[in-house]
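First the structure, in the form of structure tokens, and then the observations on it.
First listed ligand is number 1; within each ligand, the first listed atom is number 1.
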Amino acid sequence: MKYIIVTGGVMSGLGKGITAASIGRILKNKGFNVTAIKIDPYINIDAGTMSPYQHGEVFVLKDGAEVDLDLGNYERFLDIELTREHNITTGQVYLTVIEKERRGDYLGKTVQIIPHITNEIKERIRRVAKKSGADICIIEVGGTVGDIESMPFLESMRQMHSEEKAENIAFVHVTLVPLDTQGEQKTKPTQHSVKELRSLGLQPDAIVARCKEPIHPDTKSKIALFCDVPVNAVVSAHDARDIYYVPTLMEQEGLSDYLMQKLKLTPKGAPPEWDELMRKMSAIDKETRIAVVGKYAHLGDSYISINEALKHAGIECGCRVKIDWIDAEEFEKNPSSIDTLQRYSGILVPGGFGVRGTEGKVLAIKYARENNIPYLGLCLGMQLAVIEFARNMLGLKNANSSELAKTEHPVIDILPEQESIKNMGGTMRLGSCEAILVEGSLAQKIYGSTRLAERHRHRYEVNPKYIPMIEAKGMKFTGKNDHRMEIAEIPGHKFFFSSQFHPEFRSRPGKPSPPFLAFVKAALG
Ligand code: GLN
């Protein structure tokens, strides 16, 4: 097994996740089988209980794990499916060590960060890497070097470095090269952060320097000299037009050759998909505008998978999808502003929790339905479509979800089996579940099959009691998992498709999610 450890310095938000994913991709492009692990030094067991408005989207894996959004980047860049063990948090490590201590596994020893916590970390990494069957495992250490929380993880990496053969482990450090007021590229923050790293006993093999503009050769030389790396190991990671161009940039900077040399790897036959993707991206010649009506909608990071899924669908159609993130509360405060939606070729309502903004979303869905504008509803976006339909087509004026209000018509309700769950961590219907699709439906046409498996993250469901009434008025449930409704569509509408699951999590560049592709096609007319 070859390990590539990616650390970060100077500040957070440099795109360390994209860098890690891109390093994986350039090596996958050389024919290697690559997997990835994200270390999150927070105490939470997983990202399930964390606010997406603080940490960005909670990504859901097929096994139902609720994880950091970087795992979404790995899945998309590497076209792989990961499991919960690929996201290691401080909370998980301590929980295991404390449980072992209580069981007496440490035979009366004093349990300490070194060696007990660090051993647990190393064991987890090696176990996951081995189980994946990959040639190369990328390990991204979250946070910034020097953070108190990351210390045990960096110490574990130091130990791995001395335990593994030199040709089996490489360190890549991601830093920032800011420009001063004269526009000069400054290397001091990089020097300091490498110094910090070295004080922990770690020496980077390569430095990926983020910068607004390409790093000059003399800036590279300076970094090489001060940080003790060869000059060809200093990689200019300047802003790219799109994240999917980052691997190409790193390839051009010679990073894959450098890493293969360091890790004594000889390239195998390369898969052509990435070149094909680059070709499609450069052929884009049209644009379509989509409104995503959400909550605190200015924070695109909380809907990153939706953003990417729309992009993937757009690339396939040769079109750039221009997304406007619209705050649903705007429509509540000022209902006449709903007419601004006429500018869009498609309207999307994403998933969400809690009542905030939901009435505005209902207005947007009504607008899409009545004005024959393509509509894609995801999870809460399907529940609200059912609510809107019940209110305005069935005349159940106060139809609602029991999550959102006390109502005599809970068209969306909690099913008895879900009710028993009280603890807030992982209490939802999570992960990949199958649905059976109705023959001849839009759903079946979109998926080209009568079965699908997509990822879920929700507690509430369409209330079976209301299904006959709703279907009699023209909204059809065309995807089902037993008594759970998975898809609601309106035949005769230009495009009205909504799902209880989240298709965005399985979308890949070059392999767009079927509902997203159909939605963008419908938006293009
Ligand atoms: N809040 C809704 C539920 O729990 C929808 C969840 C979602 O959109 N992910 O069922």
Exercise. Can you pull the residues with any heavy atom under 4.0 Å from ligand 1?
Worked result: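 Ligand 1 pocket, heavy atoms under 4.0 Å: Gly351, Gly352, Phe353, Cys379, Leu380, Gln383, Glu403, Arg457, His458, Arg459, Tyr460, His502.
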Problem set entry | Whether Phe77 and Tyr244 hold their rings parallel, tilted or perpendicular, with breakpoints at 30° and 60° |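 It falls in the tilted class, 30° to 60°.
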Problem set entry | Residues Lys295 and Asp327 bridged, charged N to O under 4.0 Å |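 Looking at Asp327 together with Lys295, the answer is no, because their closest N to O distance does not fall below 4.0 Å.
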Exercise. Would Phe516 and His312 count as a close aromatic pair, with their ring centres under 6.0 Å?
Worked result: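 Centroid separation for Phe516 and His312: 6.0 Å or greater.
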Exercise. Does the ring center of Phe505 lie less than 6.0 Å from the ring center of Phe59?
Worked result: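 Under 6.0 Å, so yes.
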Problem set entry | Reference residue His493; test ring-ring contact (aromatic ring centres under 6.0 Å, His included); the match among Phe495, Phe496, Phe497 |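 With His493 as partner, ring-ring contact (aromatic ring centres under 6.0 Å, His included) holds for just one option, Phe496.
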Exercise. If we only count heavy atoms from C-beta on, is the Ile4 to Cys137 side-chain gap below 4.5 Å?
Worked result: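 Answer no - side chains too far apart.
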